[in-house]
*Asks:* 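Below you will find the structure I want to go over with you.
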Protein chains: 2
Amino acid sequence: MSKKLDKRAEVIDLLTVHFLDTGLSDTGLRRLAEVAGTSDRMLLYYFENKDELLAAVLTNIAGGLSASLTQLFGTTPLSADTVLEKLWVAAKSDAFKPHLRLWLDLAAHANRGDPLFLSIAQQISTGWINWMASLLDVPEANKDATAALILAAVDGQLVLFPGEIARGEHAILQLIALFRGQAKAQAQSGAA
Amino acid sequence: MSKKLDKRAEVIDLLTVHFLDTGLSDTGLRRLAEVAGTSDRMLLYYFENKDELLAAVLTNIAGGLSASLTQLFGTTPLSADTVLEKLWVAAKSDAFKPHLRLWLDLAAHANRGDPLFLSIAQQISTGWINWMASLLDVPEANKDATAALILAAVDGQLVLFPGEIARGEHAILQLIALFRGQAKAQAQSGAA
DNA sequence: GAGTATTTGTAGCAGTCGCTACAGTAATAA
DNA sequence: TTATTACTGTAGCGACTGCTACAAATACTC
């Protein structure tokens with residue numbers, strides 16, 4: 001029984017890489033088997049069916065995400081404009097682009113009504129939002145909204161400028177400026 | 001020859017509705033034929049191949065979009081916060097949700113590298129941005145960036161909250177507040 | 001009405017899909 | 001050693017994919 005589970009875990013890891021590389025297309029069992037160095041027959045031995053396989057791999061990705069985010073951003077609270085600035089740099093990097101692309105893929109499938117992808121997409125979304133909300137140095141009442149705004153602004157660039165997210169630079173800079181303007185105004189009113 | 005073209009146009013219209021309803025899944029030729037009240041054989045008579053069919057329908061959707069947008073928003077310039085407010089109401093409405101969903105579908109396919117969807121997605125994106133930029137009552141230098149920010153914020157909610165875009169309300173309200181704060185600050189500095 | 005061009009149905013190809021029946025080998029327990 | 005269990009290869013099913021060969025029907029021109 002243990003060899004089965006070991007192999008299963010190994011397959012999940014191999015496919016995690018593959019999914020981040022290629023998204024949710026290219027998910028035929030025979031192709032996945034090739035990537036994982038096994039046969040379609042064996043994939044269906046390790047997993048109940050294809051849905052369970054997808055769920056396992058995507059959940060693994062979702063789980064690994066917060067770790068790498070925390071590593072990148074640390075845990076000290078940051079202002080909204082700083083968080084957005086750092087996130088934008090990350091979004092443009094080769095390391096994080098795959099995650100964003102996959103998230104977009106998931107969201108598209110979820111919006112289409114697929115229940116499997118819907119629950120996983122929601123899980124990943126709340127993961128991002130909670131992580132960012134906890135990182136933000138803004139009033140408690142605004143944390144979730146600010147986190148959602150920042151994340152939406154960044155993903156939105158991926159939707160607006162497919163394949164060339166960097167073209168969203170102007171829009172992001174504008175939002176950063178808006179955050180700074182707000183912070184300044186609040187500092188003044190606080191001083192008054 | 002004319003009957004062929006007439007039928008072709010009719011098919012495009014029927015499939016336009018279908019694509020807005022169901023997105024880019026459910027695009028098998030036999031299924032599309034059923035929806036269009038014909039046969040797969042005939043679809044490939046009206047169109048060169050499936051790609052040309054998809055391109056024709058999606059282009060038709062892209063073309064119809066600006067018309068309905070102009071109808072909804074008029075042509076008098078509006079402030080950024082007003083545009084966002086109106087767009088958000090529209091985004092939550094049943095009439096526009098299909099367009100957003102389809103756009104998300106397209107963007108996901110485009111980000112995956114599919115050249116057909118990439119060019120169409122870019123066409124639709126620039127359509128949205130240009131239309132909104134021309135509508136915005138903001139300094140020329142900021143128009144595109146503001147338009148992209150507004151659009152990204154709205155689509156982003158679709159990505160963040162699949163199937164329940166309304167949950168992005170807080171984030172949108174926050175951005176509206178940021179726009180208003182900026183306008184106020186500029187009015188003050190202008191008066192000084 | 002003959003002859004040509006346009007339009008349409010039938011049938012099927014070669015490929016993919018998720019999945020399974022069956023048989024065989026390898027490891028483990030008695 | 002025997003019996004049970006875990007593992008894995010082969011082969012294929014039935015349903016689907018985009019697409020096409022072929023032939024028949026229909027419409028149009030002369």
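Computed from heavy atoms alone, side chains included, the values below leave out hydrogens, waters and symmetry copies. Letters go in sequence order (proteins before strands), and every chain restarts at 1.
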*Asks:* From CG of Leu5(A) over to C1' of dA6(D), roughly how many Å is that when rounded to an integer?
*Replies:*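 Taking atom C1' of dA6(D) as the reference, CG of Leu5(A) is at 12 Å.
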*Asks:* Listing request: all salt bridge (charged side-chain N to carboxylate O under 4.0 Å, His left out) pairs with a residue in residues 45-55 of chain B, at least two apart in sequence or in separate chains.
*Replies:*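 Checked against salt bridge (charged side-chain N to carboxylate O under 4.0 Å, His left out) - neighbours excluded - the pairs reaching residues 45-55 of chain B are Arg8(B)-Glu52(B).
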*Asks:* So does Tyr45(A) get a side-chain nitrogen or oxygen closer than 4.0 Å to the phosphate oxygens (OP1/OP2) of dC7(D)?
*Replies:*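 For dC7(D), OP1 or OP2 has a side-chain N or O of Tyr45(A) closer than 4.0 Å.
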*Asks:* Nucleotide by nucleotide, 5' to 3', does protein get under 4.0 Å of the base (B), only the sugar-phosphate (S), or neither (-) in nucleotides 15-24 of chain C, counting heavy atoms?
*Replies:* --BBBBBB--
*Asks:* Under 4.0 Å between a side-chain N or O of Tyr46(A) and OP1 or OP2 of dT8(D)?
*Replies:*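 So the side-chain polar atoms of Tyr46(A) do come within 4.0 Å of the phosphate oxygens OP1 or OP2 of dT8(D), strictly under.
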*Asks:* Roughly how many Å is it from CE in Met42(B) to C1' in dT10(C), rounded to a whole number?
*Replies:*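 So the CE-C1' distance, Met42(B) to dT10(C), works out to 14 Å.
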*Asks:* Nearest heavy-atom pair of Leu20(A) and Pro98(A): which atoms, and what distance?
*Replies:*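 Shortest heavy-atom contact: O-CB, 3.2 Å.
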*Asks:* Looking at Ala91(B) and Val154(B), what are the two nearest heavy atoms and their distance?
*Replies:*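 For Ala91(B) versus Val154(B), the nearest heavy atoms are CB-CG1, 3.7 Å.
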*Asks:* May I have the distance from Glu34(B) (atom CD) to dT17(D) (atom P), rounded to whole angstrom?
*Replies:*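 The answer, rounded to whole Å, is 11 Å.
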*Asks:* A cation-pi test, strictly: NZ or CZ of Lys7(B) under 6.0 Å from the centre of the six-membered ring of Tyr46(B) and no more than 45 degrees from its axis. Yes or no?
*Replies:*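 Here Lys7(B) fails the 6.0 Å and 45° test against Tyr46(B).
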*Asks:* Whole Å only: how far is the CZ atom of Arg8(A) from the P atom of dA6(D)?
*Replies:*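 Rounded to whole Å, this separation is 16 Å.
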*Asks:* Rounded to the nearest 0.5 Å, how far does CG of Asn111(B) lie from CG of Asp105(A)?
*Replies:*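 That separation rounds to 8.0 Å.
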*Asks:* How many whole angstroms separate atom CG of Leu43(A) from atom P of dG9(D)?
*Replies:*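 It works out to 11 Å between those atoms.
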*Asks:* Report yes if at least one side-chain N or O of Lys3(B) is closer than 4.0 Å to OP1 or OP2 of dT8(C); otherwise report no.
*Replies:*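 Affirmative; the distance criterion is met.
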*Asks:* Remember a base hit wins even if backbone is also touched, and classify Ser39(B) as base, sugar-phosphate or nothing at under 4.0 Å, heavy atoms.
*Replies:*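 Sugar-phosphate contact only.
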*Asks:* Which whole-number value in Å describes the distance from Lys4(A) NZ to dA27(C) C1'?
*Replies:*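 About 16 Å, once rounded to whole Å.
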*Asks:* Between Phe96(A) and His99(A), what is the ring plane arrangement, given parallel below 30°, perpendicular above 60°, and tilted in between?
*Replies:*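 Plane angle between 30° and 60°, so tilted.
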